[in-house]
Amino acid sequence: MAPSAPSAPPTHANPCAAEIAAAVAAVVGARPEDVKIDQPPNRALGDFAVPAFPLLKAAGGGAPPALAARIAAELPRGGLIVDATATGPFVNVKVDRVRAIAMAIDAAVGRAPLVPDQGQGAVVCVDYSSPNISKHLAYHHIRSTMLGHALVEIFTALGYRVVRINHLGDWGTTHGMLLAAYQRWGAEYPTIDVTALNALYVRYRAAMKEEPGLDAEARAWFKRLEDGDADARARWQQFRDTSLAEFRKVYDLLGVAFDDERGESFYEDKMPEILELLAGKGLLEESEGAQVVKIPGDKTPLLIKTGDGTTLYATRDLAAALYRQRTYGFARSLYVVDRGQGLHFKQLFTCLGMLGFDWASRCQHVPFGLVRFGGKKTSTRGAVGGSGGGQFLLTDVIAEAVDEVRPRIAEKNPDMAPAELEAIAHAVGVGAVVFANVVPQRDRDVDFDMEKVTSLSGDSGPYLQYTLARCWNIERKAGELVDGPADWTLLSHDAEWAVARKLLEFGEHVARAAVNCEPHVVAHYLLDLAGEFSRWYTQGNDDATLRVICDDLPTRRARLALVHAVKRTLTRGLTMLGLAEVTRM
RNA sequence: GCGCCCAUAGCUCAGCUGGAUAGAGCAUCGGCCUUCUAAGCCGAGGGUCAGAGGUUCGAGUCCUCUUGGGCGCGCCA
């Protein structure tokens, strides 16, 4: 039996919360997963809060404050729990910080799975980036690419086996246009690179408005391609190879890679089966000359074949979904594609269900909002470049961000070797751009603003990288790396506890990010963690005894271990989001 | 016209699937560099959570309606 897909966050991925929940559950006779663990609004109240309301049924009724009082009285002390007080309907629990800190550091440094009992090798397919060949990767492609990449990393960290799929748009009438355009004007372009291909495409589309015949010409070319015409195939292959080579460069820049880059053309010979399946179920109908599947409740049907007899993307998506299920046996199959295609995916999955595939329910569209420029929607069909509302190339935006960042790093590190400066500028520049795209909720539109995207202060990628660099710097200055046990009783300051407590939360945020396919959960967690660390760090400015590198050696060792735990967690989280580790900046 | 999504501080956004006094960043103002990196930290001001009903012990969060915006609706993907 295939492992089931996660549908709810695991209960209490935070090891401290898990222990408290178990203890509370034992007192009231509830299941641990029914015990909600919150944070008190005020740190003085306690470390964890347990609302009594959800436990009323298990406890046999009564008034919430009374139940809270009973729980507070009966909770066993002496282990992790050192104190519990009822405040109205809430039980506020104080934990043994020394124990909790040990748990936090173990979890951050140890090899234990991020969240126990997650993943277990179940397969998650993630379809992301998926650009069209013969076009540049424009800035807006970053959204699908980096959200998808983050989901890949998040599921991998939770113990899933992830298949990274780049479903290239390399098939369809669009590519007939390119072949037609190439035949007409190809000789005018000395080098057929992606810029030339893009220009040919734009030119053809413009010409189509003037000459009605061009539409048919493009269709005819795609028909030739689909029928296996040798010239068409060779030319198309050239366009595809050229595009892939350029994509590879950009993906390398971003640190993104794929396991499956087959693209739509791969499914060409798999479509007859889909047509047979549809016909066999009596789902295929003719409508206005085309072959369609009517979707109950929808005004428009799913188009399977054009009047010309060529296939459409829906047909290929059906074939691809089936192929993925057969090949990978996925527990979950995700499509990280912009929100505008919501109807398409809804119909696609409904159609799979109509075909009798129970795994249709494990397919999920992971939509995201638009990337706008100055409030305007970006067009994949407009001209490239410029600030006039057209497109920005992804590589141009990254290059500009790197240029922005380089002098500031140089200023702070006058002795840095040029090669290292360049590497760090690259990591920070890319980090700024990438972070700006994963920190908002997926479904929010993001308006492109170079100034904001490359901003280094506040809630930004560079802030996280800077915090990480400070961790590295401490370890370098201390001359030792402490990743083993130390005397945790020496970490007695509130600021140290605040850091440790935040470390404990890492797993639950990653798990929640996976359930909701929302990488921004991890992004905000990292900002919180970096904030707690910075607060702790800054206290050393006023008082040398509060610094990590303090005179008391046992204290220093304990603090170094905490720094190391933060460093590990930040590195892990940054990597998850597609930001590079930075050891100095 | 039909469908989906959104509305939280001046701006950009969080708010852990219904919990206690709604939080950050930017911007503004005021503090902290003989300091393990000031790309940082602390403080102040700033809110009718678009509006109106409803559901219940409890609603920014759930249901309905209204307003305002966005996106999508047959042979592109």
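Each chain gets a letter, A, B and so on, in the order its sequence line appears, and its residues count up from 1.
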Gap between atoms [atom1] and [atom2], on [X] and [N] respectively (whole Å):
X	N	atom1	atom2	answer
Gln347(A)	G74(B)	CD	P	10 Å
Arg205(A)	C76(B)	CZ	C1'	7 Å
Phe349(A)	C4(B)	CZ	C1'	15 Å
Leu456(A)	A38(B)	CG	C1'	14 Å
Glu532(A)	C42(B)	CD	P	9 Å
Tyr313(A)	C76(B)	OH	P	10 Å
Ile474(A)	G40(B)	CD1	P	16 Å
Leu370(A)	G72(B)	CG	C1'	11 Å

Expressed as a whole number of Å, how far does the [atom1] atom of [N] sit from that of [M]?
N	M	atom1	result
U28(B)	U66(B)	P	42 Å
A20(B)	G15(B)	P	15 Å
U8(B)	U12(B)	P	8 Å
A24(B)	G43(B)	P	9 Å
U21(B)	U61(B)	P	16 Å
A9(B)	G23(B)	C1'	10 Å
U37(B)	C4(B)	C1'	49 Å
G70(B)	G46(B)	C1'	28 Å

*Knowing that exactly one of Tyr267(A), Phe266(A), Phe239(A), Phe222(A) qualifies, which makes a ring-ring contact (aromatic ring centres under 6.0 Å, His included) with Trp171(A)?*
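The single option meeting the ring-ring contact (aromatic ring centres under 6.0 Å, His included) with Trp171(A) is Phe222(A).
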Which part of the nucleic acid, if any, lies within contact of [X], taking any heavy atom under 4.0 Å across all strands shown: a base, the sugar-phosphate backbone alone, or nothing?
X	result
Arg476(A)	nothing
Thr467(A)	nothing
Leu527(A)	nothing
Gln465(A)	nothing
Ala469(A)	base
Met585(A)	base
Asp542(A)	sugar-phosphate
Gly342(A)	nothing
Leu312(A)	sugar-phosphate

For [X], give me all partners under salt bridge (charged side-chain N to carboxylate O under 4.0 Å, His left out), at least two apart in sequence or on another chain.
X	answer
Lys94(A)	none
Arg203(A)	Glu188(A)
Arg535(A)	Glu532(A)
Glu404(A)	none

_Looking at Asp298(A) and Lys346(A), is any side-chain nitrogen of the basic one under 4.0 Å from a carboxylate oxygen of the acidic one?_
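Yes, charged N to carboxylate O under 4.0 Å.
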*Carboxylate-amine/guanidinium proximity below 4.0 Å for Asp447(A) and Lys452(A)*: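 Lys452(A) and Asp447(A): not salt-bridged.
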Distance check: side-chain N/O of [X] vs OP1/OP2 of [N], anything under 4.0 Å?
X	N	result
Arg470(A)	A38(B)	yes
Arg339(A)	C4(B)	no
Thr174(A)	C76(B)	no
Asn473(A)	U37(B)	yes

Taking the minimum atom-to-atom distance to the side chain of [X], which one of [options] wins?
X	options	result
Thr306(A)	C16(B), C75(B), C42(B)	C75(B)
Glu288(A)	U37(B), G74(B), A77(B)	G74(B)
Thr300(A)	G74(B), C36(B), G40(B)	G74(B)
Arg372(A)	C71(B), C42(B), C5(B)	C71(B)

_Partners meeting side-chain hydrogen bond (donor to acceptor under 3.5 Å, both in side chains) with Asp403(A) (sequence neighbours left out)_ =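 Partners of Asp403(A) under the side-chain hydrogen bond (donor to acceptor under 3.5 Å, both in side chains) test: Arg406(A).
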*Given pairs defined as Watson-Crick or G-U wobble with both distances under 3.5 Å, what dot-bracket annotation applies to RNA chain B, with ( ) intrastrand, [ ] crossing, | other strand and . unpaired?*
(((((.(..((((.....[...)))).(((((.......))))).....(((((..]....)))))).)))))....
Hey, can you pull the donor-acceptor pairs under 3.5 Å for the side chains in residues 520-531 of chain A, sequence neighbours left out?
| from | atom 1 | to | atom 2 | distance (Å) |
| --- | --- | --- | --- | --- |
| His520(A) | ND1 | Glu518(A) | OE1 | 3.3 |
| His524(A) | NE2 | Val439(A) | O | 3.1 |
| Tyr525(A) | OH | Lys502(A) | O | 2.6 |

What I want to check is whether the side chains of [X] and [Y] have a donor and an acceptor closer together than 3.5 Å.
X	Y	value
Glu475(A)	His564(A)	yes
His140(A)	Asp338(A)	no
Thr310(A)	Arg219(A)	no

Do any N or O atoms of the protein come closer than 3.5 Å to N or O atoms of nucleotides 10-15 of chain B, and which pairs are they?
| from | atom 1 | to | atom 2 | distance (Å) |
| --- | --- | --- | --- | --- |
| A14(B) | OP1 | Gln441(A) | N | 2.7 |
| A14(B) | OP2 | Arg444(A) | NH1 | 2.6 |
| G15(B) | OP1 | His520(A) | NE2 | 3.1 |
| G15(B) | OP2 | Gln441(A) | NE2 | 2.6 |

Identify each atom pair where a protein N or O and an N or O of nucleotides 59-64 of chain B are less than 3.5 Å apart, giving names and distance.
none

*Got a donor-acceptor contact below 3.5 angstrom from the Arg556(A) side chain to the Ile549(A) backbone?*
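Checked: no pair found.
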*Ignoring hydrogens and angles, tell me if any N or O in the side chain of Tyr204(A) forms a donor-acceptor pair with the backbone of Leu214(A) under 3.5 Å.*
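Answer holds: yes.
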Just list the side-chain donor-acceptor pairs under 3.5 Å for residues 50-57 of chain A, sequence neighbours left out, or say none.
none

*Contact pattern, 5' to 3', of nucleotides 19-25 of chain B - B, S or - by protein heavy atom under 4.0 Å*: BB---SS
_List the residues meeting side chain to side chain contact (heavy atoms under 4.5 Å, CB included) with Ala59(A), not counting sequence neighbours, and say none if there are none._
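For Ala59(A) the side chain to side chain contact (heavy atoms under 4.5 Å, CB included) partners, ignoring immediate neighbours, are Val28(A), Leu67(A), Arg70(A).
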*Is the cationic atom of Arg470(A) (NZ for Lys, CZ for Arg) positioned less than 6.0 Å from the six-membered ring centroid of Tyr537(A) and within 45 degrees of its normal?*
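Yes; both conditions hold, so Arg470(A) lies above the ring face of Tyr537(A).
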